[in-house]
Amino acid sequence: MKSITVRSSEGYEDYKIPQSWSEVTVDQYQKIVQTTDLITVFSILCDKDYKTLSNRVNPDLERILFDCVRFVSEQAFKASKAPKVLTIDGKELIVPKRIGGLSIGQSIHVRQKLEGCKVYEEVISLAVACYLQPLYDRSEFDYDKALELEQVILKLPITEIYPVGFFFFLPLTRTGSNILRDLRLILAQWYLRSMRNAETLVRWLRLKDSNRSNI
């Protein structure tokens with residue numbers, strides 16, 4: 001992490017800027033992939049307010065920021081293989097070699113999150129948390145505990161978590177990303193049929209009551 005002090009019209013300001021992806025957290029990365037605005041990237045990496053940074057009149061700061069974020073376009077860590085062991089909060093977890101044993105709950109929660117995202121990278125922290133939570137807590141899958149674990153994962157370097165997250169995403173892409181959409185369609189069709197059946201039943205009961213009153 002590079003620390004610099006910049007002089008502005010309001011005095012001196014300290015900036016801490018990552019020099020490589022290994023110094024960028026999962027939380028920062030997931031925010032970066034959601035934007036194409038360079039100033040937003042600057043503000044995320046420097047942990048500075050967007051408007052404050054945007055309104056600075058300082059050519060030196062602008063040059064320093066551009067120099068310090070050159071690594072953003074280089075993402076060699078994406079080609080890394082998932083590690084055999086991942087250390088989270090002091091616990092060593094053996095990364096599963098196969099994803100076939102994951103529960104329906106684990107997959108569904110990740111798929112639901114994916115439905116509202118533009119890119120799958122936004123969900124890396126949740127995917128890793130859901131898949132590793134049973135190993136982390138040595139218990140059955142618990143979504144609330146997975147959300148707690150996600151808060152720990154968000155603070156870890158993206159270079160450590162991305163390969164694991166991508167590994168876990170593979171079965172989701174292989175089986176298709178429209179499962180939830182198809183499920184919703186099935187439920188919607190079931191609901192419509194139920195409503196039609198209910199309306200038919202009401203009409204039949206009304207007709208029956210009418211016939212009785214005419215006897």
Are the side chains of L45 and I32 in touch, meaning some heavy atoms are under 4.5 Å apart?
-> yes
Between the CG atom in D27 and the CD atom in Q151, the distance rounded to the nearest 0.5 Å is 8.0 Å
Drop me the distance from D37's CG to Y50's OH, to the nearest 0.5 angstrom.
-> 4.0 Å
Determine yes or no for a side-chain-to-main-chain donor-acceptor pair under 3.5 angstrom, with E122 supplying the side chain and K31 the backbone.
-> no
Sub-3.5 Å donor-acceptor pair from the side chain of Q106 to the main-chain atoms of C130, do we have one?
-> yes
Report yes if some heavy atom in the side chain of F167 is under 4.5 Å from a heavy atom in the side chain of K81; otherwise report no.
-> no
What do you reckon, is CG of L147 surrounded by more than 12 foreign heavy atoms closer than 6.0 Å?
-> yes
With side chain to side chain contact (heavy atoms under 4.5 Å, CB included) as the test, would you mind laying out the steps for I17 and F42 before giving the verdict?
-> CA-CA 9 Å; I17 308 175; F42 290 161; over 6 Å; no
To the nearest 0.5 Å, atom CG of L132 lies from atom CZ of F168 at 4.5 Å
Dump the intermediate steps for side chain to side chain contact (heavy atoms under 4.5 Å, CB included) on L93 and V85, then the final yes or no.
-> CA-CA 5 Å; L93 307 179; V85 178; over 6 Å; no
Do V119 and V110 share a hydrophobic cluster, counting only Ile, Leu, Val, Met, Phe, Trp and Tyr and linking them when any side-chain heavy atoms are less than 4.5 Å apart?
-> yes
Please lay out, stage by stage, how W21 and Y29 fare under the test ring pair (Phe, Tyr, Trp, His ring centres under 6.0 Å).
-> CA-CA 9 Å; W21 282 112; Y29 176 78; 5.6 Å; yes
Could you pull out the closest heavy-atom pair between P83 and V164, with the gap in Å?
-> CD-CG2, 3.6 Å
When you look at Y131 and L126, which way does the side chain to side chain contact (heavy atoms under 4.5 Å, CB included) test go after all the steps?
-> CA-CA 8 Å; Y131 291 154; L126 181 65; over 6 Å; no
Residue set satisfying ring pair (Phe, Tyr, Trp, His ring centres under 6.0 Å) with Y15, at least two apart, ordered chain then number -> none
Do V33 and L38 share a hydrophobic cluster (ILVMFWY, side-chain heavy atoms under 4.5 Å, transitive)?
-> yes
Taking the side chain as C-beta and beyond, is there a heavy-atom pair between H109 and Q112 under 4.5 Å?
-> yes
Shortest non-hydrogen contact between L149 and I88, atoms and distance = CD1-CG2, 4.0 Å
Whether Y162 and F166 hold their rings parallel, tilted or perpendicular, with breakpoints at 30° and 60° | parallel
Can you tell me if CG on D49 sees more than 12 non-hydrogen neighbours from other groups inside 6.0 Å?
-> yes
Kindly indicate whether the side chain of L135, heavy atoms from C-beta on, has any atom under 4.5 Å from the side chain of I94.
-> no
Side-chain H-bond candidate by donor/acceptor type, K78 with Q75, under 3.5 Å | yes
Assess whether side chain to side chain contact (heavy atoms under 4.5 Å, CB included) is satisfied between Q133 and S139, documenting all intermediate values.
-> CA-CA 8 Å; Q133 178 270 319; S139 64; 3.5 Å; yes
OG1 of T25 to CG of L156: how many Å apart, nearest 0.5 Å?
-> 9.0 Å
Main-chain N/O of F77 paired with S80 side-chain donor or acceptor, under 3.5 Å | yes
Exam field: side chain Q30 to backbone Q28, donor-acceptor pair closer than 3.5 Å | no
Please round to the nearest 0.5 Å and tell me the distance separating atom CD1 of I161 and atom NZ of K155.
-> 13.5 Å
Is K91 close enough and on-axis enough to Y136, meaning under 6.0 Å and within 45°, for cation-pi?
-> yes
Flag, side chain of E150 to backbone of S125, donor-acceptor distance under 3.5 Å | no
